[in-house]
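Remember, predicted model here, so these are calculated numbers, not experimental data.
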Amino acid sequence: MTDHASVKAALTRQAIETPSWAYGNSGTRFKVFAQPGVPRTTREKLDDAATVHQLTGAAPTVALHIPWDKVDDYTALAKYAEARGLRLGAINANVFQDDDYKLGSVTNPDPGVRRKALAHLLDCVDIMDATGSRDLKLWFSDGTNYPGQDDIRARQDRLAEALHAVYDRLGDDQRMVLEYKLFEPAFYTTDVPDWGTSYAHCLKLGDKARVCVDTGHHAPGTNIEFIVAFLLRENKLGAFDFNSRFYADDDLMVGAADPFQLFRIMYEVRRGGGLDDGSDIAFMLDQCHNIEAKIPAIIRSVMNVQEATAKALLVDRDALAAAQRSGDVLEANAVLMDAYNTDVRPLLAEVREEQGIAPDPVAAYRASGRQERIVAERVGGEQAGWGA
């Protein structure tokens, strides 16, 4: 049977990192839709993130993207976050938006471009030193569009060389989390296209290198929970980038396309100890809110992760193990489905009330009047968005 006290304890300590860029304007490759009240500075992004954390009690850290969140004094930025009840989380490097990176960054055939990209990655570690961040998150758009465009094996050599240089620069309490992506913008070969490539590089690098699983970065039909289970078993799962997709890397709200998949993933996280006290798995959102209001969408996303987690925690593992041992296929599936079909919203409302926050964070935000205030206050200046 499930111990509800332990379930509530696990839900109370769960932390979900929100991304600074989700508070800014975003869109598709065709159009970015601006919204009133969007932050104009990194500090205003942190103000919005503080609102999300105050209303959910579950989002104490904010990921930064460099240079989108470039400031003159990162130590001062960390203090600004702390004053708002936050910490600065993963530092995300950007080696995909400069003209020099048209043919790749760290895998570019031009050694000058490779040096430029590596210098940026090392600068990001310097920023981590100033902010107290643990994780450097790396995603490379590097790849090729045409057969014969470049030497596939040589590009892996260049990638390994750059990763080793960054790894050697990390401090004792810092980590590198290497993301992967099936395609886009490279359509013939992508240099880090899947979890196996990321895992192979991280395995050679050492304990401070882990894989980042972006839930939107897989081919249709991929069993993501198998990847999660495997990486947890190997102690190589470092972080999640949570989002949803219907076609490719849509970056829609987590749990929007397939909430059952999110539940299955979170069950494997629980099975592998990723929800235990002291676990170092980073649960991060990586979403772009193109047509929906930013802050309530992020609040809803945090709640979606909490609901999937609560259902995963309610799985009767003893009953599941017994059914699995006896080969009772239907009963084993039924145990999982019983947990998934449980309405966990009252449980989460109870957890929030015990934390001294409103049981319905979205309703609390709407009632707060904050959206109307930021629309009125944030007039003039340049709104934050992709590339800003």
Side-chain angles (χ1 to χ4, degrees), residues 19 21 29 63-68 90-125 127-128 135-146 149-170 175-205 208-219 227 231 236 238-241 243 248-249 251 282 284 286 386-387:
W21 54 95
R29 68 181 68 190
L64 300 184
H65 210 294
I66 308 300
W68 298 349
I91 302 299
N92 290 253
N94 184 321
V95 285
F96 54 86
Q97 282 191 316
D98 193 291
D99 285 347
D100 283 344
Y101 301 143
K102 180 172 66 173
L103 300 180
S105 60
V106 297
T107 68
N108 196 297
D110 184 337
V113 174
R114 297 201 300 271
R115 286 193 296 269
K116 174 180 176 176
L118 178 58
H120 173 70
L121 302 185
L122 296 176
D123 286 344
C124 286
V125 182
I127 293 171
M128 293 169 64
D135 291 342
L136 172 68
K137 186 147 73 69
L138 301 179
W139 172 71
F140 299 102
S141 65
D142 297 33
T144 64
N145 280 354
Y146 293 97
Q149 177 182 326
D150 200 3
D151 188 301
I152 294 174
R153 178 166 175 164
R155 293 179 75 90
Q156 289 298 310
D157 292 339
R158 298 168 199 155
L159 173 63
E161 182 180 2
L163 291 176
H164 274 284
V166 177
Y167 186 89
D168 290 343
R169 169 64 183 82
L170 294 174
R175 308 188 309 177
M176 168 196 300
V177 288
L178 180 59
E179 191 177 349
Y180 54 91
K181 188 175 182 180
L182 184 64
F183 72 100
E184 192 188 38
F187 292 102
Y188 173 62
T189 63
T190 301
D191 292 329
V192 190
D194 52 39
W195 70 275
T197 306
S198 178
Y199 172 70
H201 281 284
C202 290
L203 195 62
K204 285 189 175 182
L205 288 167
K208 292 187 290 185
R210 305 285 182 90
V211 178
C212 176
V213 175
D214 185 306
T215 52
H217 286 187
H218 303 86
I227 299 169
L231 292 173
K236 277 297 180 183
F240 282 98
D241 272 358
N243 56 68
D249 182 24
D251 278 350
M284 303 183 286
D286 181 15
W386 286 349

Checklist entry - Do I91 and I66 pass the side chain to side chain contact (heavy atoms under 4.5 Å, CB included) test, and can you show the C-alpha distance, the side-chain angles, and the key distance before you say yes or no? => result CA-CA 7 Å; I91 302 299; I66 308 300; 3.8 Å; yes

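- Legend: residues meeting side-chain contact (heavy atoms from CB on, under 4.5 Å) with F96, ordered by chain and number and at least two apart, are H65, W68, N94, W139, S141.
- Under the 4.5 Å side-chain criterion, counting only non-hydrogen atoms from C-beta, Y180 is not in contact with D214.
- Interatomic distance, NE2 of H164 versus CG of L205, reported as 5.0 Å (0.5 Å rounding).
- Residues that satisfy the salt bridge (charged side-chain N to carboxylate O under 4.0 Å, His left out) test with D249, not counting sequence neighbours, are K181.
- Side-chain N or O atoms of K137 include none that pairs as donor or acceptor with a backbone N or O of A239 at under 3.5 Å.
- Under the rule for a salt bridge (charged side-chain N to carboxylate O under 4.0 Å, His left out), D286 has no partner lying at least two apart in sequence or in another chain.
- The main-chain N or O of N243 is found under 3.5 Å from a side-chain atom of T215 such that the two form a donor-acceptor pair.
- For Y199, the ring-ring contact (aromatic ring centres under 6.0 Å, His included) partners two or more places apart in sequence, or in a different chain, are F230.
- Contact between V192 and T197 at its shortest, heavy atoms only, is CA-CG2, 4.1 Å.
- D191 is linked by a salt bridge (charged side-chain N to carboxylate O under 4.0 Å, His left out) to R155, counting only residues two or more places apart in sequence or in another chain.
- The main-chain N or O of D157 is never found under 3.5 Å from a side-chain atom of E161 such that the two would form a donor-acceptor pair.
- You'll find the side chain of L170 stays beyond 4.5 Å of the side chain of R175, heavy atoms only.
- For D123, the side-chain contact (heavy atoms from CB on, under 4.5 Å) criterion is met by D126, not counting sequence neighbours.
- For F140, the ring-ring contact (aromatic ring centres under 6.0 Å, His included) test picks out no residue, with sequence neighbours left out.
- Every residue was checked against the salt bridge (charged side-chain N to carboxylate O under 4.0 Å, His left out) condition with D168, not counting sequence neighbours, and none meets it.
- Applying the side-chain contact (heavy atoms from CB on, under 4.5 Å) rule to L122 yields the partners L118, V166, R169; only residues at least two apart in sequence or on another chain are considered.
- Within the 4.5 Å cutoff, no side-chain heavy atoms of R114 are placed close to those of V106.
- In this structure, CG in N145 is found 11.5 Å from OH in Y188, a value given to the nearest 0.5 Å.
- Take H120 and apply the ring-ring contact (aromatic ring centres under 6.0 Å, His included) test, not counting sequence neighbours, and it matches no residue.
- Without hydrogens or angle criteria, Q149 side chain to Y146 main chain gives a donor-acceptor distance under 3.5 Å.
- The shortest side-chain heavy-atom distance between R210 and D135 does not fall under the 4.5 Å cut-off.
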Next on the checklist: Checking V213 against W195 for the side chain to side chain contact (heavy atoms under 4.5 Å, CB included) test, could you report, in this order, the C-alpha distance in whole Å, the side-chain angles of both residues, the deciding distance, and whether it holds?
Outcome noted: CA-CA 7 Å; V213 175; W195 70 275; 5.7 Å; no

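- Taking the side chain as every heavy atom from C-beta outward, N92 and L138 never approach each other to under 4.5 Å.
- Looking at T190, its side chain does come within 3.5 Å of a backbone N or O of A186 through a donor-acceptor pair.
- For CD of E184, the number of neighbouring non-hydrogen atoms (other residues, nucleotides, ligands) closer than 6.0 Å is greater than 12.
- By the side-chain hydrogen bond (donor to acceptor under 3.5 Å, both in side chains) test, K116 is found to be paired with D98, D100, residues two or more places apart in sequence or in another chain being considered.
- Side chains of H201 and Y167: no donor on one and acceptor on the other come within 3.5 Å.
- Contact check for T189 versus P193: no side-chain heavy atoms found under the 4.5 Å cut-off.
- Here L178 contributes atom CG and C202 contributes atom SG; the two are 5.0 Å apart, rounded to the nearest 0.5 Å.
- Among residues two or more places apart in sequence or in another chain, the side-chain contact (heavy atoms from CB on, under 4.5 Å) test is passed with A119 by none.
- For F183 and H217, the ring centers are positioned 6.0 Å apart or more.
- Shown are D150, N108, D151, D142; of these, the side chain to side chain donor-acceptor pair (under 3.5 Å) with R158 is made only by D150.
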